[in-house]
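Structure, as C-alpha cells:
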Protein chains: 2
Amino acid sequence: MARPTPETHAELLAAAARRFAVTGYKGTSLQDIAREVGCSKAAVLYHFANKEALLRELMAPAIAVLEALDARLAGHTGAAAQRVAAEGFVDLAVRFRREIALLRGEFPDLLQQPAFAHVQQVSERLIDAFAGHSDRPAARIAALVVLAGIAETCGEFLDIPDEELRPALLAVALRALEPTT
Amino acid sequence: MARPTPETHAELLAAAARRFAVTGYKGTSLQDIAREVGCSKAAVLYHFANKEALLRELMAPAIAVLEALDARLAGHTGAAAQRVAAEGFVDLAVRFRREIALLRGEFPDLLQQPAFAHVQQVSERLIDAFAGHSDRPAARIAALVVLAGIAETCGEFLDIPDEELRPALLAVALRALEPTT
DNA sequence: TCAGGTACTGACCGATCGGTCAGGCATGCT
DNA sequence: AGCATGCCTGACCGATCGGTCAGTACCTGA
C-alpha cells in the first residue's frame, strides 16, 4: 500500500471535512479518515500533530473570515449593526457551509477547547449585533434563532449555488430580526 | 456504596438528561451517568437494556407529542398548516427544551437508528408544513432555518419561564415564515 | 556512493467504551 | 427455616479510541 503522494496533506484535509460532515468530529476516528484516503492512521498523525490540530487547520479559513466580520462589526450600532451582521454572517455561512456543517452541534463542546476560545467571544458579539445590541429577551431569542438556524441550515443545501442560497438566507434573517412593535 | 433506593430508575433518567444536555449523547458514558447518581455502571445496565434504550425512554414523551402534532397537521394546508406547525412546534420545543437540547446536532446521526426512523419522517412533514407545502427553495430554506433555529435556541434559555419563551419564539417563527412578495 | 531528509508503515500502548456475568445482600412470602 | 425475588456490585470482556515509536523505502544533493 506504499504510494508516495505528497498531496496527501490536502487529501487528508478534504477527507476529514467529508467525514466530519457526515459523522461529526467526535464520531469520526482517525482510522476513518485514513481509510478514506487509503493510508495508515499513523500517516494522518505524521501530517497533523493530533486530531484537534487537524480540525484547527480545517477551520482556519472560516475563522479568519469570522474575525474579519467581527472587526467590521465594531463600527456599527442598532439596526446598522444588525444589517452588517446578517449580511456578513450569511455570506460566511454560505461560503463555508461545509466547514460549519461539520461542527453539527458540537460547537458548545469544541468551543471550550482553548484553541477555539476566541471564537466563543466573537460569536457572542455576533449575537449581540443580531439583537441590535438590545437586552430585551425577545431580541436575544430572535438573534439566537437566526444565528443557529442559518448555521444549521446552510450545511443542508450543499447542492444549490451560492447565488441562490445567499439571498434566501439573508431574506429570512432580516424578516426574523424585524423589531417587534 | 450499597444504597437500596428503588427510585434509582427515575434518578438515572434525570441524571442522563442532565449529562446528555452538557456533553451530548455520544460524549456521555454510562460511567458518567452512574457516577452522577452514585451507583455502578452495571446498575445503569440493570435498569436499561443498553445506552440506546435509555435515550429512547428519555425521549418517549417528547416523541409522543411530536406525533400528535403530526396527526393534527394532516388536516391543514398552506398558511393554515404553517400556523398550526409553528404553534405546535414552538409549544413542543418549549415544553421539552431540555430533551431537545440534549440531542445537540446529533439528530442526523441518531435519527438513522431504527428506533427513531419514524421521527425522521415526521420532521420532514413538519418542514413541509413550515414551508406551506411549497416547493420553492426559498420557502424550504426558511422552513429549515426556523425549525433548526428554534430547536437549537430553546435549550439555551432553560432559566426563563415557558410563558415568556413561547410567545417570543412564536413571533420570530411567524415573522421568518412570512411569504416573500 | 552515500548521508540525510521526506513520507510513510505496522506493531504497539494505555485508556475508555458499551456490555456481560456470577454472585451478594436485603426483603418478604410460604 | 427456607427460598425466591429485586436490586445492585466488582471483575471482566472484546473493541476501539487517540497517540507513540522504530524501522524502511525512496528521492535528492554533495
Side-chain angles (χ1 to χ4, degrees), chain A residues 1-59 102-104 106 109-110 112-116, chain B residues 1-59 102-104 106 109-110 112-116:
Chain A
M1 317 246 162
R3 208 162 302 119
T5 11
E7 316 102 343
T8 307
H9 191 94
E11 277 179 37
L12 283 170
L13 228 35
R18 256 174 282 132
R19 296 305 311 159
F20 286 165
V22 175
T23 43
Y25 176 72
K26 272 185 303 203
T28 302
S29 69
L30 298 178
Q31 287 278 25
D32 292 335
I33 298 166
R35 196 180 306 121
E36 184 136 335
V37 168
C39 69
S40 69
K41 185 182 67 165
V44 180
L45 289 157
Y46 169 76
H47 286 277
F48 306 92
N50 49 46
K51 197 184 179 187
E52 193 205 308
L54 207 179
L55 177 66
R56 215 163 37 226
E57 193 167 325
L58 203 55
M59 299 300 291
L102 65 80
L103 293 182
R104 292 207 165 285
E106 293 179 294
D109 253 37
L110 295 175
Q112 255 152 325
Q113 295 185 248
F116 295 105
Chain B
M1 317 247 164
R3 205 163 304 118
T5 9
E7 316 104 343
T8 308
H9 190 93
E11 276 179 39
L12 283 170
L13 228 34
R18 255 174 284 132
R19 295 305 310 160
F20 286 164
V22 175
T23 44
Y25 176 73
K26 273 184 303 202
T28 302
S29 70
L30 297 179
Q31 287 278 24
D32 292 335
I33 298 166
R35 195 180 307 120
E36 184 136 335
V37 168
C39 68
S40 68
K41 184 182 67 167
V44 179
L45 289 158
Y46 169 77
H47 286 278
F48 305 93
N50 49 45
K51 196 185 179 185
E52 193 205 309
L54 208 179
L55 178 65
R56 216 164 36 227
E57 193 167 324
L58 203 56
M59 299 300 292
L102 63 80
L103 293 181
R104 293 206 165 287
E106 292 179 294
D109 254 36
L110 295 175
Q112 256 153 323
Q113 293 186 247
F116 295 105

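Atoms considered below: every heavy atom in the structure, side chains included; atoms not considered: hydrogens, waters and symmetry mates. Naming: A, B, ... by sequence-line order, numbering from 1 per chain.
Among residues two or more places apart in sequence or in another chain, the side chain to side chain donor-acceptor pair (under 3.5 Å) test is passed with A/Arg56 by A/Glu52. Residues that satisfy the side chain to side chain contact (heavy atoms under 4.5 Å, CB included) test with B/Ala43, not counting sequence neighbours, are B/Cys39, B/Ser40. Considering only residues two or more places apart in sequence or on other chains, B/Leu13 meets the side chain to side chain contact (heavy atoms under 4.5 Å, CB included) condition with B/His9, B/Phe48, B/Leu54, B/Glu57, B/Leu58. With sequence neighbours left out, the side chain to side chain donor-acceptor pair (under 3.5 Å) criterion links B/Lys26 to B/Asp109.
Residue B/His47 has a polar side-chain atom (N or O) positioned under 4.0 Å from OP1 or OP2 of D/dC8. The side chain of A/Thr8 contributes an N or O atom lying less than 4.0 Å from OP1 or OP2 of C/dC8. Taking only side-chain nitrogens and oxygens, B/Tyr46 comes nearer than 4.0 Å to OP1 or OP2 of D/dC7.
Here the C1' atom of nucleotide C/dC8 and the CG atom of A/Leu12 are 11 Å apart, to the nearest Å. Residue B/Glu7 contributes atom CD, which lies 12 Å from atom C1' of D/dC7 at whole-angstrom precision. If you measure from atom CD1 of A/Ile33 to atom P of D/dT16, you get 17 Å, rounded to the nearest angstrom.
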Going by atom type alone, with no hydrogens or angles, which donor-acceptor pairs under 3.5 Å involve a side-chain atom of residues 16-23 of chain A and a protein atom two or more places apart or on another chain?
{"residue": "A/Arg18", "atom": "NH1", "partner": "A/Glu36", "partner atom": "OE2", "Å": "2.5"}
{"residue": "A/Thr23", "atom": "OG1", "partner": "A/Arg19", "partner atom": "O", "Å": "3.0"}
{"residue": "A/Thr23", "atom": "OG1", "partner": "A/Thr28", "partner atom": "OG1", "Å": "2.6"}

Shorter than 3.5 Å, N or O on both sides, protein versus nucleotides 17-24 of chain C: list them out with atom names.
{"residue": "C/dC17", "atom": "OP1", "partner": "B/Ser29", "partner atom": "OG", "Å": "3.3"}
{"residue": "C/dG18", "atom": "OP1", "partner": "B/Thr28", "partner atom": "O", "Å": "3.4"}
{"residue": "C/dG18", "atom": "OP1", "partner": "B/Lys51", "partner atom": "NZ", "Å": "2.8"}
{"residue": "C/dG18", "atom": "OP2", "partner": "B/Leu30", "partner atom": "N", "Å": "3.0"}
{"residue": "C/dG18", "atom": "N7", "partner": "B/Lys41", "partner atom": "NZ", "Å": "3.0"}
{"residue": "C/dG18", "atom": "O6", "partner": "B/Lys41", "partner atom": "NZ", "Å": "3.3"}
{"residue": "C/dG19", "atom": "OP2", "partner": "B/Lys51", "partner atom": "N", "Å": "2.8"}
{"residue": "C/dG19", "atom": "N7", "partner": "B/Lys41", "partner atom": "NZ", "Å": "3.2"}
{"residue": "C/dG19", "atom": "O6", "partner": "B/Lys41", "partner atom": "NZ", "Å": "2.6"}

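Atom CG of residue B/Leu30 and atom CZ of residue B/Arg35 lie 11.5 Å apart, to the nearest 0.5 angstrom.
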